[in-house]
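Scroll down for the structure; my scribbles are underneath it.
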Number of protein chains: 2
Amino acid sequence: MLGIVRAKGTLLFDENGKEYIDGIASWYTCMYGHCNECILNRVSVQMKQLDQVVFSGFTHEPAVRLSEELIKILPGNQQKLFFSDNGSTATEVGVKMALQYHFNQGEKRNVMLALEDGFHGDTFGAMSVSGLSVYNGPFEEHFIQVERIPAPTKNNIGSILKYLGTRLEQKNIAGFIYEPLVQGAAAMKMHDAEALNKVLKLLQDNDVVTIADEVMTGFGKTGNYFASDYVDTKPDVICLSKALTAGLIPMAITSCTQKIYDAFYSDELKKGLFHGHTYTANPLACTAALAGLELLRSEEMQHNIERIIESHRQFDLQIKDHPKVGGTRQCGIIYALDLNLKMERYGNLRDRLFRHFMDNGIFLRPLGNTIYVLPPYIITDEQLQKVYGAIKSALEIV
Amino acid sequence: MLGIVRAKGTLLFDENGKEYIDGIASWYTCMYGHCNECILNRVSVQMKQLDQVVFSGFTHEPAVRLSEELIKILPGNQQKLFFSDNGSTATEVGVKMALQYHFNQGEKRNVMLALEDGFHGDTFGAMSVSGLSVYNGPFEEHFIQVERIPAPTKNNIGSILKYLGTRLEQKNIAGFIYEPLVQGAAAMKMHDAEALNKVLKLLQDNDVVTIADEVMTGFGKTGNYFASDYVDTKPDVICLSKALTAGLIPMAITSCTQKIYDAFYSDELKKGLFHGHTYTANPLACTAALAGLELLRSEEMQHNIERIIESHRQFDLQIKDHPKVGGTRQCGIIYALDLNLKMERYGNLRDRLFRHFMDNGIFLRPLGNTIYVLPPYIITDEQLQKVYGAIKSALEIV
């Protein structure tokens with residue numbers, strides 16, 4: 001375990017004074033840079049004013065303002081926000097919305113649909129819908145009933161639609177949860193927006209609640225504010241976390257349409273969505289999120305995003321035909337490269353790669369034979385070149 | 001929804017400038033007072049140094065120091081800490097530990113034992129073990145298999161032990177989760193330490209993993225650091241959150257004994273406990289928690305706790321024989337009073353009570369016919385009297 005003592009902008013500093021470029025923005029959170037003064041100043045002021053209060057019966061300005069600002073950039077059909085603490089709980093809320101949406105209307109739908117190799121978190125509900133099953137052995141028999149379809153592509157969309165057409169006749173699929181366009185934990189596996197659109201359209205026509213898990217993809221990483229912006233059919237529910245709070249404090253939001261919300265709005269207590277964590281809508285986290293949203297919408301940050309996208313494109317042209325490269329893919333500022341060899345997800349060769357990057361002052365976390373980059377938006381061109389250089393030299397050691 | 005704009009010490013201030021004594025410490029979190037300068041100063045310094053970093057392969061001083069300090073006050077058998085984000089996830093980790101502990105040893109134990117009327121959170125695993133089932137309708141069929149026993153008392157302990165003696169012969173109970181001494185969401189229902197001790201002893205003799213959910217009771221509220229300090233048999237696992245971070249930022253910890261830890265320690269990847277949230281062990285939350293621990297252990301705060309306990313006792317003598325009082329109970333600084341009438345958990349009369357307290361500048365959240373107080377440790381004698389006064393006058397309006 002390496003001790004990290006300091007972070008600033010794109011850089012992490014360890015206990016020996018060595019610095020590392022944070023090539024994955026500390027798991028896709030610190031997109032505006034570590035210890036960003038705009039954000040810290042705002043949180044400092046809030047901290048002296050109102051640190052925390054019960055978010056039941058009470059409300060506060062940071063939550064209200066964040067909600068107003070977030071609704072402005074979410075897909076137009078998203079009308080209501082439900083706060084929780086992390087990606088797993090955002091997913092749990094989404095799954096509960098889907099199941100109870102039908103329950104409240106007296107319809108029994110008890111199956112969730114999900115993508116193969118999806119990942120949605122580590123709590124029981126979230127684990128259930130996650131398809132990366134290597135870690136789930138001891139718990140599987142306790143899971144929600146889930147069925148899976150492959151991530152949709154131009155090639156398989158015909159057979160997926162045909163399968164679903166028949167499957168939907170049973171009318172017991174409550175919801176569909178998916179990471180739109182990029183499946184993060186599946187090593188940044190990417191799929192097709194048009195094909196995904198057809199799946200969503202068919203499911204919504206059959207009253208299946210569609211839940212976009214944008215915990216990883218949200219807040220600019222795909223080049224748009226949200227991956228769902230690339231897909232014509234908008235989801236009924238969206239899960240948000242990670243970069244939501246600009247890398248400062250855990251928080252999550254599950255947004256939904258008016259239609260979903262209305263199914264829970266009732267004088268009957270039991271029709272309500274009961275889910276609340278103690279620190280729900282923590283004022284400090286809301287303040288960090290608000291500051292983050294302002295930065296994201298700034299011309300400077302949008303320009304940064306464009307710059308990184310173009311830089312990745314240029315790098316891809318240099319590297320994609322390298323004999324040790326099996327394939328490359330890009331979505332916005334997310335760039336991934338598969339090595340032309342079989343590797344274990346967490347094996348010896350993977351560890352050697354990790355070590356190579358760290359020795360070169362770059363923090364990247366290869367997943368099996370996939371090396372991926374998801375840098376803070378404020379990364380400089382020079383730092384990007386350093387990252388690319390380390391990837392090139394990595395090809396020599398495998 | 002009432003807008004809260006400011007908080008300081010024991011007080012909340014609303015958008016109209018009216019102030020309220022926070023009689024439940026914002027759901028049992030802000031025990032050292034809102035916007036406590038000792039805590040804010042420490043977090044401000046940390047925020048400029050290291051805001052957030054991946055807690056996998058990396059570590060940092062706030063997490064290391066918090067772990068060292070926390071181990072000092074936890075029951076002596078607790079050796080290892082597992083970080084997560086809130087009470088629900090702390091519970092999920094505890095349940096996963098119990099199930100996988102047996103799985104890793106090749107034993108199939110798939111039933112969790114829990115207390116009637118227990119509450120452990122809102123994610124699927126946490127909901128499963130919660131016995132307050134009014135809200136669980138749409139999800140129940142997706143739950144972990146759970147069986148329940150009544151909260152142990154001097155009267156029922158004989159029959160509980162007899163029942164368990166037979167039940168344990170099936171050798172399929174993996175773990176037992178319980179809120180020690182006080183069941184919070186069950187309206188501060190209290191049970192007996194000696195009887196609980198007998199249950200824990202019998203279960204541990206049968207290799208059932210015992211999980212104390214001290215999310216509500218932890219950090220001084222019972223008069224000791226932890227409710228488990230009152231019980232001779234120490235739990236295998238303890239869940240902590242809420243006051244852990246002194247009311248500033250969400251975080252949770254699940255601690256366990258060396259024996260539990262050892263069941264997961266292996267070269268085989270699949271024997272590991274896979275559970276990680278992005279902001280796990282957030283440096284700001286760890287810093288707030290460290291500052292909180294220092295305050296808790298100070299002579300001043302320990303004196304405050306004694307002072308509140310004695311003050312509650314005096315109030316109890318005045319009120320317990322009132323004709324509208326059905327019963328009273330106290331555990332440390334937690335004081336609860338049942339009205340001598342039937343009420344709905346969230347009904348009209350409950351709302352009138354809530355309104356009465358708010359009109360009198362007191363924030364309390366009655367649960368059904370139970371009024372309870374769980375004040376910040378820094379509440380003054382004068383403020384305590386104001387709270388008691390509002391409770392007395394409430395008896396006149398019901």
Side-chain angles (χ1 to χ4, degrees), chain A residues 1-7 12 26-27 29-30 34-35 40 43-44 47-54 57-61 85-89 92 96 99-100 103 110 122-125 134-135 137-139 141-142 144 241-242 247-250 269-270 274-279 282 284 346, chain B residues 1-7 12 26-27 29-30 34-35 40 43-44 47-54 57-61 85-89 92 96 99-100 103 110 122-125 134-135 137-139 141-142 144 241-242 247-250 269-270 274-279 282 284 346:
Chain A
M1 296 273 275
L2 181 64
I4 299 295
V5 294
R6 194 160 70 83
L12 301 170
S26 287
W27 273 338
T29 60
C30 310
H34 284 278
C35 300
L40 299 194
V43 173
S44 289
M47 203 153 73
K48 289 171 194 149
Q49 175 87 13
L50 175 68
D51 45 2
Q52 168 64 24
V53 73
V54 167
F58 292 159
T59 186
H60 50 74
E61 201 189 337
D85 292 343
N86 59 36
S88 294
T89 59
E92 297 262 340
K96 286 169 81 167
L99 293 171
Q100 193 171 349
F103 182 90
N110 59 352
D122 287 339
T123 50
F124 275 86
V134 275
Y135 320 132
F139 316 117
E141 72 167 279
H142 305 288
I144 296 170
S241 190
K242 289 191 182 278
L248 210 70
I249 294 173
L269 200 68
K270 74 181 167 78
F274 282 91
H275 191 109
H277 302 296
T278 300
Y279 286 86
N282 173 250
L284 310 189
Y346 295 113
Chain B
M1 295 273 276
L2 181 64
I4 300 294
V5 295
R6 195 161 70 83
L12 302 170
S26 288
W27 274 337
T29 59
C30 309
H34 285 278
C35 300
L40 299 193
V43 173
S44 289
M47 204 154 71
K48 289 170 193 149
Q49 174 87 12
L50 176 68
D51 46 1
Q52 169 62 25
V53 73
V54 167
F58 291 160
T59 186
H60 49 75
E61 202 190 336
D85 292 344
N86 59 35
S88 295
T89 59
E92 297 262 340
K96 285 168 81 167
L99 293 170
Q100 193 172 351
F103 182 90
N110 58 352
D122 288 337
T123 50
F124 274 86
V134 275
Y135 320 133
F139 317 117
E141 73 168 277
H142 305 288
I144 296 170
S241 190
K242 289 191 184 276
L248 211 72
I249 293 171
L269 199 67
K270 75 179 166 77
F274 283 91
H275 190 107
H277 302 296
T278 301
Y279 285 86
N282 173 250
L284 310 190
Y346 296 112

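Here is the naming used below: chain letters follow the sequence lines, and residue numbers restart at 1 for every chain. Keep in mind that what you see is a predicted model, and the values were worked out from it rather than measured.
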- Residue pair Asp122(A), Lys96(B): steps toward the side chain to side chain contact (heavy atoms under 4.5 Å, CB included) verdict: CA-CA 10 Å; Asp122(A) 287 339; Lys96(B) 285 168 81 167; 3.9 Å; yes
- Item | Trace of the side chain to side chain contact (heavy atoms under 4.5 Å, CB included) decision for His277(A) with Asp85(B) | CA-CA 10 Å; His277(A) 302 296; Asp85(B) 292 344; over 6 Å; no
- Message: Determine whether Asn86(A) and Tyr279(B) satisfy the following criterion, side chain to side chain contact (heavy atoms under 4.5 Å, CB included), listing intermediate values before the conclusion.
- Response: CA-CA 8 Å; Asn86(A) 59 36; Tyr279(B) 285 86; over 6 Å; no
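Side-chain contact between Thr123(B) and His275(A) is present, with at least one heavy-atom pair separated by less than 4.5 Å.
Judged as a side-chain contact (heavy atoms from CB on, under 4.5 Å), and not counting sequence neighbours, the contacts of Thr278(A) are Trp27(B), Thr29(B), Lys242(B). By the side-chain contact (heavy atoms from CB on, under 4.5 Å) test, Glu61(B) is found to be paired with Arg65(B), residues two or more places apart in sequence or in another chain being considered.
For Leu284(B), the part sitting under 4.5 Å from any heavy atom of chain A is the side chain, from C-beta outward, and nothing else. With a threshold of 4.5 angstrom between heavy atoms, Gln49(A) approaches chain B through its backbone and through its side chain. Heavy atoms of Phe103(B) lying under 4.5 Å from chain A belong exclusively to its side chain. Residue contact with chain A, scored on non-hydrogen atoms closer than 4.5 Å, involves the side chain of Leu12(B) exclusively.
Chosen from Val5(A), Val54(A), Leu40(A), the residue pairing most often with chain B at heavy-atom distances under 4.5 Å is Val54(A). Comparing Gly87(B), Gly276(B), Cys30(B) by how many heavy-atom pairs each has under 4.5 Å with chain A, the most go to Gly276(B). The choice from His60(B), Met47(B), Glu141(B) that makes the most heavy-atom pairs within less than 4.5 Å of chain A is Met47(B). Among Gly57(B), Gly125(B), Cys35(B), the residue making the largest number of heavy-atom pairs under 4.5 Å with chain A is Cys35(B). The residue among Val43(B), Leu99(B), Thr89(B) with the most heavy atom pairs within less than 4.5 Å of chain A is Leu99(B).
Contact record, Ala7(A) with Asp51(B): CB-OD1, 4.3 Å, taken as the closest heavy-atom pair. Of all heavy-atom pairs between Gln52(B) and Ser26(A), the closest is O-OG, 3.8 Å.
A donor-acceptor contact shorter than 3.5 Å is absent between the side chain of Asn282(A) and the backbone of Ile249(B).
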